[in-house]
Amino acid sequence: TKTKAADLVIELSQTHKAKPDLTNLVFGTVFSDHMLTIEWTSNGGWQKPHIKPFGNLSFHPACSAMHYAVQLFEGMKAYRDTDDKVRLFRPMLNMNRMAKSAERACLPAFDRAELVECIRRLVQVDREWVPQSDSASLYIRPTFLGTEPSLGVKKPSRALLYVILSPVGSYFSTGAKSVSLWADSKYIRAWRGGTGDCKMGGNYGASIYAQYEAVDYGCQQVLWLYGDDHQITEVGTMNMFLFWNNENGEEELATPPLDGIILPGITRQSILELTRKWGEFKVCERYLTMADLRCALEENRVKEMFGSGTACVVSPVGRILYQGENLHIPCQEGFPQLASRLMKELTDIQVRSHPTGHRHQFNVYSTLVQRNVIPPVCGQ
């Protein structure tokens, strides 16, 4: 059986938490009043989805997610626009990526459209948690766990899919300033044949140690390298873009290709689509090495470098520590021109009623809720 939003059972919380101060909000530390849970068993299939008061979960001590990392998650956002509508940004792309991660983790398939509808209903219930701010949003964290109650290394016979909501501001403490990176081949984020192109918790947990070492070197994030030629792959938990004049003298926006070790980011895809629509410079998915970057810097061919992701949207890079040398990226102070333009275009699509970007040229949002139009949700 498949998940059906029509079977959704809603239990509204009798108490409501105070909304946080958005000016000092630490990413992912405050959560809304409700959550969505859907259970699955190999015998009974998907059970009825439930929206219920936010609370702790209970697991068997032998739960496979705890022992063997049979687990994955997604990161999405809901935005309140200038007409007070609440929107999701390209939710089906998240569902497609989540389905791919689930297959790799041997977790059960789910109906992507039905899950989006369940998430829509959850956001509708907690719509007052969507910040009224251009710089803040409601982060949506779908999570999928194997809850097999045994220590056997196998496909789980039980699973839990749940979704929680968290109002968020800027992801980095630096705000709009550029970030510094530590580039070292000592640690590897992902490898071919692995799970680097899936959004699994283990990918992130294994990166924390390197992140702290980067801080010890005076940097904020890790620039992940791969292979003997030190290919540039990702920036912290973000996809990476380099805006430069390439070896042939062409103005080019380049990002590493999706070859199995790069996470297919929704913001990454949106940036590629937007810039290709502009048609103002070459847009390329290609391999880039630290030697390429160092040579380009020596020849003053680098214009900008930035990371992209759901949490930060666009984050400029100002400095890279590599082999004991500080490589300074142009426009270190403030927001560089292309990064700033992309941030504005994407923000316009996400939070403006009539965005100046490509509103009608590709489907980048779904209308969820409009105040005084959709009636209040009642228990079912």
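In what follows, every heavy atom counts, from backbone to side chain, and hydrogens, waters and symmetry copies are set aside. Each residue takes its place number in the sequence, starting with 1.
- The CE atom of Met98 lies 6.0 Å from the CG atom of Leu115; values are rounded to the nearest 0.5 Å.
- Closest heavy-atom contact between Ala296 and Trp244: CB-CE3, 3.6 Å.
- Other residues, nucleotides and ligands contribute over 12 non-hydrogen atoms within 6.0 Å of the NZ atom of Lys19.
- With hydrogens and angles ignored, the 3.5 Å screen pairs no side-chain donor or acceptor of Ser315 with any backbone N or O of Cys312.
- Side-chain contact between Pro336 and Lys303 is absent, with no heavy-atom pair separated by less than 4.5 Å.
- Using a 4.5 Å cut-off between side-chain heavy atoms of Ile, Leu, Val, Met, Phe, Trp and Tyr, with links allowed through other members, Leu36 and Val30 fall into the same hydrophobic cluster.
- For the residue pair Cys295 and Arg301, the shortest heavy atom distance occurs at SG-NH2, 3.8 Å.
- Taking a cutoff of 4.0 Å between a charged side-chain nitrogen and a carboxylate oxygen, Arg286 and Glu247 qualify as a salt bridge.
- Proximity of a side-chain donor or acceptor of Trp224 to a complementary backbone N or O of Ile188 within less than 3.5 Å is not detected.
- If you check the side chains of Tyr287 and Asp259, you find a donor sitting under 3.5 Å from an acceptor.
- A distance-only check finds no donor-acceptor pair linking the side chain of Glu11 to the backbone of His50 [under 3.5 Å].
- Between the side chains of Tyr68 and Glu148, no donor-acceptor pair is found at a separation under 3.5 Å.
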### Query
Are Arg276 and Glu273 close enough, and set up right, to give a salt bridge (Lys or Arg N to Asp or Glu O under 4.0 Å), and what steps lead you there?
CA-CA 5 Å; Arg276 283 169 177 157; Glu273 291 173 1; over 6 Å; no
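- Rounding to the nearest 0.5 Å places CG of Leu342 at 7.0 Å from CG of Leu274.
- In this structure, Gln323 and Arg294 have side chains that are in contact, with non-hydrogen atoms separated by less than 4.5 Å.
- Looking only at distances, a side-chain donor or acceptor of Ser180 sits under 3.5 Å from a matching main-chain atom of Gln220.
- Between Glu117 atom CD and Asp111 atom CG the span is 11.0 Å, to the nearest 0.5 Å.
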### Message
Before you tell me yes or no, could you show the steps for Glu234 and Arg268 under salt bridge (Lys or Arg N to Asp or Glu O under 4.0 Å), namely the whole-Å CA-CA distance, both residues' side-chain angles and the distance that decides it to 0.1 Å?
### Response
CA-CA 11 Å; Glu234 295 193 4; Arg268 172 190 182 277; over 6 Å; no
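- Side-chain contact between Leu293 and Ile320: present, with at least one pair of heavy atoms (C-beta onward) separated by less than 4.5 Å.
- With Phe54 as the aromatic partner, Lys17 meets the cation-pi criteria of under 6.0 angstrom to the ring centre and within 45 degrees of the ring axis.
- With hydrogens and angles ignored, the 3.5 Å screen pairs a side-chain donor or acceptor of Ser101 with a backbone N or O of Lys199.
- Contact of the Leu165 side chain with the Val130 side chain is not registered, since no non-hydrogen atoms from C-beta on lie closer than 4.5 Å.
- Here the OG atom belonging to Ser166 is positioned 11.5 Å from the CG atom belonging to Asp126, to the nearest 0.5 angstrom.
- Glu103 CD: 12 or fewer foreign heavy atoms inside a 6.0 Å radius.
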### Query
Taking it one step at a time, do Leu181 and Cys219 satisfy side-chain contact (heavy atoms from CB on, under 4.5 Å)?
CA-CA 5 Å; Leu181 309 177; Cys219 300; 5.7 Å; no
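- Heavy atoms from other residues, nucleotides or ligands lying under 6.0 Å from CD of Glu325 number more than 12.
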### Task
Begin from the C-alpha positions of Phe243 and Phe306 and carry the test ring pair (Phe, Tyr, Trp, His ring centres under 6.0 Å) through to its verdict.
CA-CA 8 Å; Phe243 187 43; Phe306 55 86; 8.1 Å; no
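- Using cut-offs of 30° and 60° on the angle between ring planes, the pair Phe144 and Phe110 is perpendicular.
- Under a 4.0 Å N-O distance rule, the pair Arg341/Glu280 qualifies as a salt bridge.
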### Query
What's the verdict on side-chain contact (heavy atoms from CB on, under 4.5 Å) for Asn239 and Ile271, showing C-alpha distance, side-chain angles and the deciding distance?
CA-CA 11 Å; Asn239 292 121; Ile271 288 172; over 6 Å; no
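- Hydrophobic clustering of Ile, Leu, Val, Met, Phe, Trp and Tyr side chains at less than 4.5 Å, counting indirect connections, unites Ile10 with Val86.
- Taking 4.5 Å as the limit, every side-chain heavy atom of Leu223 sits out of range of all side-chain heavy atoms of Tyr322.
- For the atom pair CD (Gln47) and OG1 (Thr41), the distance works out to 5.0 Å, reported to the nearest 0.5 Å.
- Put simply, the residue from Val314, Val235, Leu272 that forms a side chain to side chain contact (heavy atoms under 4.5 Å, CB included) with Phe241 is Leu272.
- Around OH of Tyr204, the count of heavy atoms belonging to other residues, nucleotides or ligands within 6.0 Å exceeds 12.
- Between Ser270 and Arg90 there is a side-chain heavy-atom pair separated by less than 4.5 Å.
- In this structure, Val125 is a member of the same hydrophobic cluster as Val123, with clusters built from ILVMFWY side-chain heavy atoms closer than 4.5 Å.
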### Message
I'd like to know whether Thr310 forms a side-chain contact (heavy atoms from CB on, under 4.5 Å) with Phe89, so could you lay out the CA-CA distance, the side-chain angles of the two residues, the decisive distance to 0.1 Å, and finally the verdict.
### Response
CA-CA 9 Å; Thr310 297; Phe89 184 66; over 6 Å; no
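- Hydrophobic clustering keeps Ile164 apart from Leu161 (ILVMFWY residues linked when any side-chain heavy atoms are closer than 4.5 Å, directly or through intermediates).
- Using modelled atom types, no side-chain atom of Arg127 and backbone atom of Arg80 make a donor-acceptor pair closer than 3.5 Å.
- Of the options Asp197, Thr195, Thr237, a side-chain hydrogen bond (donor to acceptor under 3.5 Å, both in side chains) to Asn203 is made by Thr195 and by none of the others.
- A donor-acceptor pair is defined here as one N or O able to donate and one able to accept, closer than 3.5 Å; such a pair exists between the side chain of His34 and the backbone of Ser13.
- Taking both residues in full, the closest heavy atoms of Gly28 and Val168 are given as N-CG1, 4.0 Å, listed atom of the first, atom of the second, then distance.
- Residues Asp21 and Thr23 bring a donor and an acceptor atom of their side chains to less than 3.5 Å of each other.
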### Query
Can you list the steps and then say if Glu74 with Arg97 is a salt bridge (Lys or Arg N to Asp or Glu O under 4.0 Å)?
CA-CA 8 Å; Glu74 267 302 324; Arg97 186 172 66 182; 2.7 Å; yes
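- Closest of all the heavy-atom pairs between Glu304 and Ile329 is C-CG2, 4.3 Å.
- One hydrophobic cluster, built from ILVMFWY side chains closer than 4.5 Å, holds both Leu297 and Ile232.
- For Thr255 (side chain) and Met240 (main-chain N/O), a donor-acceptor pair under 3.5 Å exists by modelled atom type.
- Within the model, atoms NZ of Lys282 and CG of Asn245 stand 12.0 Å from one another, a figure rounded to the nearest 0.5 Å.
- The closest donor-acceptor contact from the side chain of Ser178 to the backbone of Val317 lies at 3.5 Å or more, if one exists at all.
- Put simply, the side chain of Trp46 reaches to within 4.5 Å of the side chain of Pro108, judged on heavy atoms.
- Side-chain atoms of Asp83 do not come within 3.5 Å of backbone N or O of Lys85 as any donor-acceptor pair.
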### Query
Would Lys186 and Glu213 count as a side-chain contact (heavy atoms from CB on, under 4.5 Å) if you check the C-alpha gap in whole Å, the side-chain angles of each, and the deciding distance to 0.1 Å?
CA-CA 11 Å; Lys186 182 177 180 180; Glu213 189 157 339; 3.0 Å; yes
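- A heavy-atom distance below 4.5 Å is not found between the side chains of Arg112 and Val116.
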